[in-house]
Amino acid sequence: MTEEERQAEQFRLQGLLYEQMMGPLSKELEDLADARANERVALEHAGKIMNSLRAGVTVMGGYGAQGLIFWNAMSPYFGYQRVPLSMEEYAILGGIIAFYYGKRLKEKLSGVSAAQ
């Protein structure tokens, strides 16, 4: 086998490996695009009250998580008890806060608001 034939075979095998790996992923991306399209349709037909409630859940969840962490940080200084939380619960609260501020930043940068 010459060097050119070996490189051609290696290129062909890489192409097959790529197709094998990307096949399921492309199906997942199509499903995700369909889900986003369905969500857009649902948002258009949901009505003002439902859209306001959907937008408010993110805000209230973000502020609630941030308030709970702030309470636990500051309450001993004022003589109050902390809310007992495990490390897993702190991680969940941190994730909620990160999601809230990440989503807000993305919406501000793109000029799109969740509650229109």
Side-chain angles (χ1 to χ4, degrees):
M1 185 180 270
T2 66
E3 182 67 29
E4 291 175 358
E5 291 173 343
R6 192 168 63 87
Q7 286 180 351
E9 181 67 17
Q10 184 178 8
F11 185 72
R12 186 184 71 79
L13 290 175
Q14 286 177 347
L16 289 174
L17 181 63
Y18 178 79
E19 288 176 12
Q20 188 178 27
M21 290 172 49
M22 294 304 289
L25 182 61
S26 63
K27 176 67 174 138
E28 289 291 325
L29 291 174
E30 289 173 10
D31 290 345
L32 184 61
D34 291 341
R36 286 183 180 166
N38 290 339
E39 185 67 20
R40 283 191 196 104
V41 170
L43 280 173
E44 291 171 0
H45 299 294
K48 283 188 170 188
I49 294 173
M50 193 63 182
N51 284 341
S52 297
L53 289 173
R54 291 174 72 165
V57 166
T58 304
V59 174
M60 296 307 291
Y63 286 151
Q66 189 173 358
L68 186 56
I69 289 179
F70 181 75
W71 175 266
N72 276 353
M74 299 303 292
S75 62
Y77 295 111
F78 297 102
Y80 294 105
Q81 294 289 322
R82 290 182 173 183
V83 177
L85 296 173
S86 67
M87 290 305 290
E88 292 83 9
E89 291 166 334
Y90 274 113
I92 291 170
L93 290 173
I96 291 170
I97 293 169
F99 172 76
Y100 173 65
Y101 284 108
K103 185 177 179 190
R104 282 195 61 203
L105 177 64
K106 187 178 109 181
E107 288 174 351
K108 284 186 177 211
L109 291 176
S110 66
V112 177
S113 176
Q116 291 183 350

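By convention here, the first residue in the shown sequence is residue 1.
Salt-bridge annotation for R12 and E9: present, with a side-chain N of the basic residue lying under 4.0 Å from a carboxylate O of the acidic one.
We find the CD1-CG distance between I69 and L85 to be 8.0 Å, quoted to the nearest 0.5 Å.
Under the 3.5 Å distance criterion, the side-chain polar atoms of N72 are matched with a main-chain donor or acceptor of V83. Panel note: side chain Q7, backbone E4; no donor-acceptor pair is recorded below 3.5 Å. Proximity of a side-chain donor or acceptor of E5 to a complementary backbone N or O of T2 within less than 3.5 Å is detected. Under the 3.5 Å distance criterion, the side-chain polar atoms of W71 are left unmatched by any main-chain donor or acceptor of Q66.
Surrounding CG of L13 are more than 12 heavy atoms belonging to other residues, nucleotides or ligands, all under 6.0 Å away. Within a 6.0 Å sphere centred on CD of Q81, other residues, nucleotides and ligands contribute 12 heavy atoms or fewer. Around atom OH of Y90, more than 12 heavy atoms belonging to other residues, nucleotides or ligands sit under 6.0 Å away. With a 6.0 Å radius and a threshold of 12 heavy atoms from other residues, nucleotides or ligands, Y101 has its OH atom above the threshold.
In this structure, A65 and I96 approach most closely via the heavy-atom pair CB-CG2, 3.9 Å. For Y100 against T58, the heavy-atom pair with the smallest separation is CD1-O, 3.5 Å.
Under the 4.5 Å side-chain heavy-atom criterion for ILVMFWY residues, a single connected hydrophobic cluster contains both L68 and Y63. Note: the hydrophobic cluster containing V59 also contains F70 (ILVMFWY, side chain heavy atoms under 4.5 Å, direct or indirect links). If you chain together hydrophobic residues whose side chains sit under 4.5 Å apart, M74 and I97 fall into the same group.
For the pair E89 and L93, the minimum side-chain heavy-atom distance is 4.5 Å or more.
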